[in-house]
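The next block holds one structure in the form of C-alpha cells; read it before the comments.
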Number of protein chains: 2
Amino acid sequence: MISQAEENYLKALFHLTNETEEKVEAGTNELAFYLEVKPATVNDMLKKLKEKELVSYKKYGKIMLTQQGREYAVEVVRKHRLWETFLYEKLEFSWDEVHEVAEQLEHIKSKKLVEQLDRFLGFPKIDPHGDPIPNSKGEIKYLKRKTLTDIPVGAVCKLVAVKDSSASFLQYAVQIGLGLSSKIKIISRQEFDGSVEIEIDNKRSTVSQKFAENLFVL
Amino acid sequence: MISQAEENYLKALFHLTNETEEKVEAGTNELAFYLEVKPATVNDMLKKLKEKELVSYKKYGKIMLTQQGREYAVEVVRKHRLWETFLYEKLEFSWDEVHEVAEQLEHIKSKKLVEQLDRFLGFPKIDPHGDPIPNSKGEIKYLKRKTLTDIPVGAVCKLVAVKDSSASFLQYAVQIGLGLSSKIKIISRQEFDGSVEIEIDNKRSTVSQKFAENLFVL
DNA sequence: TAAAATAGTTAGTCTTATCTAACAAATATT
DNA sequence: AATATTTGTTAGATAAGACTAACTATTTTA
Ligand SMILES: [Mn+2]
Ligand SMILES: [Mn+2]
Ligand SMILES: [Mn+2]
Ligand SMILES: [Mn+2]
C-alpha cells in the first residue's frame, strides 16, 4: 500500500522532473519547497520510497523516479485531472475551485472508479486548465503550446490552457474576464518590460509579461 | 479539523444509537467490535471526541453523541449515501461494489461538492440499498418498512431496500437474481425455521428466515 | 454475597509523518 | 587553496492512531 503522503511525493517528483523533459532529477530542498515541508522530512521519506523502489537516489545525490514510481505518479495525475474535469463539467465548479478538491479526490483508491469516471466524462483529453489527461495506459499527449508572449500585436488568439494553477493566478484571470476558450486580442506590447495590453470581450486590461507567460493560447 | 478516524467513530456511534430510536447509548466494547479495533483504542479516541464535545460520556459510563456530534455524523452519512447513489446511477457500479468506495469518498471535505453532487443526482431520497439520504439540513425521512417475512404465501412484492450492506449478503442476493425493484413471489414457507421458497424471474430459490429479514419489500 | 464473567481503563509500545537543531558534504567565491 | 554558502543528513522530539498486557470497575450468577 502506498500512503497519501507517498503519493504526493511521487506526484511532486513527476511534476518537477518527467513532466518537463529538460529536467530529469530533483534535489531534496527543491522537493521540500514544492511540498511545503522541511528538507529533513523529505530525506526521511526518500529512504522509504527508495526501499519501495519508487525512487532512485543515493546519499547526497540527485533524486529520480524509477519506472515504477513514474507509472504510479502518472496514475495519480490522471485521477487528479479526471476529477477536475468532473467538477468543472458536471458539478458547476469554476476554474479556480477544482484543484483543491481534486487534491483530495486523487487519493481515492479504486481502479474501477477511475475507469468509469473516464468513460462517464467521454474520455476527455485535457482538464479544465488545458493540461493533458494521461490515458488508462499512462500515455500522455503533450501539445506543443504557445504562450501569450508569442502572439504579435494586432493578432487574436484563444486561451486553451494555463501554466499556473494557483488560486491567486486563476482568480486574477477570472477578474479580467478570462476563461478557457476566451478570445484574446493583443492591443499593444511594451518593449521595456514585456507587459501587454489585451482585449477580452471588449474589455481592455494590461497584464505583466509574467502573467502572459502563464497563458497558453492557440 | 476532524480527522477521518474521528469521522468513522462518529458515524459508527450514529449507526449504533441514533439510527434506531430504541437505543440511545453505546458501550466501548460494542463500538470496538463494530469498528474492528480494540476497546483500548476506542477509549483513547473517546477522550479526544469528548474534548471536542462531539460525544458525552464519563469513565465507566455509556457513550452518547452530543447534538454537535450527531449533526456531524449525519453529514458523513449523507455524503456516504450520495456517493453510493452516484456510483450506482452514473458509473455503472453494482449494488455490492458501492459501499467500499463510498467509505473513502465520504471523507472528502468540500461543502460545495456535496451540495452540487446532490443537485446533479436530482436530490435523491434513497441510496442504492434503499436507505434514506439525509437532506442538506440533516433531516432524515425514515420509511416504515416491511421485510420479506411479513409477506404471506402466494403474494408478490417488490424489493425496495436491504438491511445488511455487507458484500457477502449482497453477493448472495445477486446470485439468486435479486436486485433493487425485483419482483418476489412467495411460493411457500416452512413453519419449522421460517425459511421461504421464493420466485424471481421464474427462478426459484429457498432462503433462510435470516436472509428474508434483511429484505425490505413493498 | 462471594466468585466469576464482562466491560472499561491505563501504561507502555509501535508506526507514520512531521518538526527543529546540529552536523556534514558539495559547490561557489574570493 | 581557504573560506563561505548551499545542499543534504542525522538525531531526537512530537502527535495521531493503533496495539498488547495488565489492571479496575461493574454486572451476573450460583
Ligand atoms: Mn490541479
Ligand atoms: Mn494530493
Ligand atoms: Mn454503504
Ligand atoms: Mn469511513
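Quick note on labels: first sequence line is chain A, next is B, and so on, each numbered from 1.
When the P atom of C/dA7 is taken as reference, atom CG of B/Leu31 falls 14 Å away, rounded to whole Å. Taking atom CG of residue B/Asn8 and atom P of nucleotide D/dA16, one finds them 17 Å apart after rounding to whole Å. In this structure, the NZ atom of B/Lys52 is 7 Å from the P atom of D/dG17, given to the nearest Å. The nearest whole Å value for the distance from the CD atom in A/Gln4 to the P atom in C/dT18 is 11 Å. In this entry the distance linking CE of B/Met1 with P of D/dA15 reads 20 Å, nearest Å. Nucleotide D/dA16 holds its C1' atom 15 Å from the CD1 atom of B/Ile2, rounded to whole Å. In this structure, CD1 of B/Ile63 is placed 13 Å from P of C/dA7, rounded to the nearest angstrom. The interatomic distance linking B/Glu30 (CD) with C/dT6 (P) rounds to 16 Å, in whole Å.
Each of B/Lys62 and A/Val37 lies near DNA chain C, and the nucleotide nearest B/Lys62 is the one positioned closer to the 5' end.
The side chain of B/Lys58 contributes no N or O atom lying less than 4.0 Å from OP1 or OP2 of C/dG8. Taking only side-chain nitrogens and oxygens, A/Tyr60 never comes nearer than 4.0 Å to OP1 or OP2 of D/dT10. Applying the 4.0 Å criterion to OP1 and OP2 of C/dG8, one finds that B/Asn43 has every side-chain N and O outside that range. The side chain of B/Ser3 places an N or O atom within less than 4.0 Å of a non-bridging phosphate oxygen (OP1 or OP2) of D/dG17. Taking 4.0 angstrom as the limit, B/Lys47 places a side-chain polar atom (N or O) nearer than this to OP1 or OP2 of C/dT10. Note on A/Lys59: a side-chain N or O is less than 4.0 Å away from OP1 or OP2 of D/dT10. At least one side-chain nitrogen or oxygen of B/Tyr9 sits closer than 4.0 Å to the OP1 or OP2 atom of D/dA18.
Note on B/Thr41: a base of the nucleic acid sits closer than 4.0 angstrom, heavy atoms only. B/Phe33 comes within 4.0 angstrom of no nucleic acid atom, judged by non-hydrogen atoms across all strands.
Closest to the B/Lys48 side chain, of the nucleotides C/dA7, C/dT20, D/dG17, is D/dG17. Listed nucleotides: D/dA18, C/dA21, D/dT20. Nearest to the side chain of B/Asp44: D/dA18.
Around CD of B/Glu115, the count of heavy atoms belonging to other residues, nucleotides or ligands within 6.0 Å exceeds 12.
A cation-pi arrangement is absent between A/Lys48 and A/Tyr9, since the terminal nitrogen or guanidinium carbon is not both under 6.0 Å from the aromatic centre and inside a 45° cone about the axis. The cationic group of A/Lys90 lies under 6.0 Å from the six-membered ring centre of A/Phe120 and within 45° of the ring axis, placing it in a cation-pi geometry.
Between B/Phe211 and B/Phe169, the ring-plane angle classifies as tilted under the 30° and 60° cut-offs.
Salt bridge annotation for B/Asp150-B/Arg145: absent, with no cationic side-chain nitrogen under 4.0 angstrom from a carboxylate oxygen.
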